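Remarks on the structure that follows.
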Amino acid sequence: MKIVSVVGARPNFVKLAPLHKSLSRYSDHIIIHTGQHYDYEMSDIFFKELQIPRPDINLGVGSTSSGDQIARMIRGVEAELGFGKSEGNGGKGIASKPDLVIVYGDTNSTFAGAFSASVNSIPVAHVEAGLRSFDRRMPEERNRILTDHLSDLLFAPTITASTNLKDEHSAGRIINSGDISVELVNEAWRFSKKSAILKELSLESRSFVLFTMHRAESTGSFSSLKAIVESFQELKKRTHDRSSSSSLMHQKISGIGSSSSTNEQNVHGHQLQIVFPIHPRTEKILKTYGLYDKLVSLENVKIIKPLGYIDFLRLVKESYKVVTDSGGLQKEAYLCSIPCITIRKSTEWVETLRGGWNKLCSFEKDEIVNSILQPRPSTEKNYSKDIFGSGNASEIIRDSIIYGYRK
Ligand code: UD1
């Protein structure tokens, strides 16, 4: 069986890793990289660390306007599938006329891959199907909806996702595979526990908040970015001012089961740091708005370049809390039992909201600071990794494709 996976951005690569391992033994698995992400830290490092072979074809579309980017991807993928003139570095026909095209998640590369295959009557499988934030302003939401309705096999990571697909009367076959990230996190942790990142950044376990922000809806707004800078400034005031007089100066942060004030003192005792692996787009926009230098000047903020998966996972696991606008990080934090504050109006990972493990928060200084300083969830009563399935999604997906699927 000849299978083509189309990927292009970080969140695609991490989902490809476990499935490639599982599929490559049973099929001819060709990888097309659209080139949506191209920096070493945004692309190559994931292939290297997660032991994914170099893509067979790289279309090199790069960054441009969304419509142009998607159009170039469609033209490129279509050609590689054997239906047009090749413009990338492929053109050797290796991806020509496959039995199936697999796409992952909700990026522009996901939609472009699904569309190119579908218009040429090549069946499509969507890994991470059915997620909905019900916020159509997000490009990812549009990509998800379009991709799901073009796909023949819909691999739903959660029960909610599978219900969404049924509610929308999706034409494809829905398979409750569970989420492929469970395997990814388990596998990557074997390497992450040896990561030297804490030492490199002079960080202690639970003494920092891991912060990421890159989405178009949040980075596009000056007031949102300003609120972030002000929150970190305020956090510095609230944690540093009292820490100097605190008898808890060297006390370890536990936060679990403690009252709010005790928790705050514990946090103060550790002079909570913010660690911010910065996405290239966010860096550019912060500089344009004149906020970058202000952020860099805050002594409680460490801005670092984007990290590979191994170091990043270690930071997630050792953090006090995670603050993010990312989709994938919400569930990675959950899988690591780290409370997450999601600076968005909605989430597609609704199950993670139970028990306070994930909390939606607006771009408002006090709300962000208070959410960070709030105690961590006090019991594990409402916590269950089962929300993401049994941890064998790659096998379920592989078996459905290889044995259960007929053209
Ligand atoms: C994309 C996905 C998003 C995902 C994110 C992970 C879409 C619509 N969004 O967003 O769901 O969470 O990837 O990072 O597909 N840039 C570089 N170097 C790179 C890549 C990007 O400098 O290697 C800069 C460019 O200025 C570019 C900007 O980042 O214009 C945005 O990149 P783009 O690929 O459009 O989307 P992401 O924001 O990364």
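Both counts, for ligands and for their atoms, begin at 1 and track the order of listing. As the structure is a computational prediction, the values presented were derived from the model and not from experiment.
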Looking only at protein heavy atoms, identify the closest one to [atom] and say how far it is in Å.
atom	value
atom 8 (C) of ligand 1	Asn108 OD1, 3.3 Å
atom 22 (O) of ligand 1	Pro280 CB, 3.1 Å
atom 18 (N) of ligand 1	Asp39 OD2, 2.9 Å
atom 33 (P) of ligand 1	Gln36 NE2, 3.9 Å
atom 38 (O) of ligand 1	Arg281 NH1, 2.1 Å
atom 27 (C) of ligand 1	Ser63 OG, 3.2 Å
atom 16 (N) of ligand 1	Tyr38 OH, 3.6 Å
atom 9 (N) of ligand 1	Glu140 OE2, 3.2 Å

Inset, instruction - From atom 6 (C) of ligand 1, work out which of Ala9, Gly328, Pro11 has a heavy atom at the shortest distance. - result: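 Of the listed residues, Pro11 has the closest heavy atom.
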Legend entry - Shortest heavy-atom approach to atom 4 (C) of ligand 1 - which of Gln69, His214, Met42, Met138: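 Answer by nearest heavy atom: His214.
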Inset, instruction - For this output row, return yes or no: ring centroids of Phe232 and Phe211 closer than 6.0 angstrom. - result: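 Yes: the rings meet the under 6.0 Å criterion.
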Inset, instruction - Examine Tyr104 together with Phe13 and report whether their ring centres are nearer than 6.0 Å. - result: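 Distance test on ring centres: not under 6.0 Å, no.
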Would a 4.5 Å heavy-atom cut-off, applied to side chains only, mark [X] and [Y] as touching?
X	Y	answer
Arg132	Glu348	no
Ile102	Leu23	yes
Asn370	Arg238	yes

Within the structure, does [X] bring an N/O atom to less than 3.5 angstrom of an N/O atom in ligand 1?
X	answer
Asn143	no
Thr107	no
Arg215	no

Inset, instruction - For the residue pair Thr107 and Asn12, confirm or rule out a side-chain donor-acceptor distance under 3.5 Å. - result: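 Yes, a side-chain donor-acceptor pair sits under 3.5 Å.
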[X] NZ/CZ over [Y] ring centroid, <6.0 Å and within 45° of normal:
X	Y	result
Lys305	Tyr40	no
Lys287	Tyr292	yes
Arg54	Phe47	no

Legend entry - Region of His37 that comes within reach of ligand 1 [heavy atoms, distance under 4.0 Å]: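 Both backbone and side chain of His37 come within 4.0 Å of ligand 1.
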Inset, instruction - Report the part of Ala216 in contact with ligand 1, treating N, CA, C, O as backbone and CB onward as side chain, heavy atoms under 4.0 Å; options are side chain, backbone, both, neither. - result: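 Near ligand 1, Ala216 shows nothing, with every heavy atom at 4.0 Å or more.
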Legend entry - Ligand-residue contact atoms, ligand 1 with Lys284, heavy atoms, under 4.0 Å: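 Going through ligand 1 atom by atom, the ones under 4.0 Å from Lys284 are 22 (O), 25 (C), 26 (O).
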Legend entry - Aromatic ring pairing His214/His279, orientation class (parallel under 30°, perpendicular over 60°, tilted between):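 The rings of His214 and His279 lie parallel, inter-plane angle below 30°.
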Inset, instruction - Please step through side-chain hydrogen bond (donor to acceptor under 3.5 Å, both in side chains) for the pair Thr212 and Thr324, ending with a clear verdict. - result: CA-CA 5 Å; Thr212 76; Thr324 189; 2.6 Å; yes
Legend entry - Contact check, Ser326 vs ligand 1, heavy-atom distance below 4.0 Å: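 Contact absent.
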